[in-house]
Amino acid sequence: MTRILKYTEYLYLAVAVASLYKIITLWSTAPSETYIFIFFLVVSIAMFLFRRKYRKRFENRSNDSK
């Protein structure tokens, strides 16, 4: 179970990297279209940190109970 949770964290990072790439490529041609990708970048980084925090908390609880 925790292995799956670890992989989903990195999917959020992949979305952040893809959004950052899109922001860089669109900034000079269409800066108004980059705002949605900035939103995706911020949300995906926040979700990465949130999921990581709760996965570690879950692992610590399961280790303490054993």
Side-chain angles (χ1 to χ4, degrees):
M1 178 69 176
T2 59
R3 190 179 300 170
I4 294 171
L5 294 176
K6 192 179 292 188
Y7 291 131
T8 57
E9 290 174 13
Y10 294 110
L11 286 175
Y12 286 116
L13 281 182
V15 170
V17 169
S19 296
L20 184 63
Y21 173 76
K22 206 62 168 159
I23 290 167
I24 292 170
T25 57
L26 286 177
W27 190 261
S28 62
T29 58
S32 63
E33 293 178 15
T34 60
Y35 296 124
I36 189 73
F37 293 107
I38 292 170
F39 174 75
F40 286 148
L41 176 70
V42 170
V43 168
S44 61
I45 290 173
M47 284 300 296
F48 168 76
L49 296 172
F50 177 77
R51 298 283 283 187
R52 183 176 212 162
K53 176 183 174 184
Y54 279 97
R55 178 185 54 86
K56 288 186 177 188
R57 184 180 291 178
F58 180 73
E59 287 175 351
N60 288 338
R61 283 186 184 171
S62 66
N63 288 339
D64 289 342
S65 67
K66 288 182 181 179

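Below, each value reflects all heavy atoms present in this structure, side chains not excepted, and no hydrogens, waters or symmetry copies. Numbers here are sequence positions counted from 1.
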Is [Y] reachable from [X] through a run of hydrophobic residues whose side-chain heavy atoms are each under 4.5 Å from the next?
X   : Y   : value
L20 : L49 : yes
L11 : F50 : no
F37 : V43 : yes
I38 : M47 : yes

Looking at every non-hydrogen atom in both residues, tell me the closest pair between S19 and F40 and how far apart they are.
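Closest pair (atom of S19, atom of F40, distance): OG-CB, 3.4 Å.
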Considering all heavy atoms of both residues, which atom of E9 and which atom of R52 are nearest to each other, and what is their separation?
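Looks like OE2-CA, 3.2 Å.
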Distance flag, aromatic centroids of F58 and Y54, threshold under 6.0 Å:
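No: the rings miss the under 6.0 Å criterion.
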Under 4.5 Å between any side-chain heavy atoms of I45 and Y12, yes or no?
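With C-beta onward as the side chain, the pair stays apart.
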pair L13-Y10: side-chain heavy atoms closer than 4.5 Å
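Of all side-chain heavy-atom pairs linking Y10 with L13, at least one is under 4.5 Å.
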If you measure from CD1 on I23 to CD1 on I36, what distance do you get to the nearest 0.5 Å?
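Nearest 0.5 Å value for the CD1-CD1 distance: 10.5 Å.
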Checking side-chain contact (heavy atoms from CB on, under 4.5 Å) between T34 and each of T25, L26, I24, which is the one that passes?
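That would be L26; it is the only one of T25, L26, I24 passing the side-chain contact (heavy atoms from CB on, under 4.5 Å) with T34.
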Would you please name every residue forming a ring pair (Phe, Tyr, Trp, His ring centres under 6.0 Å) with F39, sequence neighbours left out?
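Partners of F39 under the ring pair (Phe, Tyr, Trp, His ring centres under 6.0 Å) test: none.
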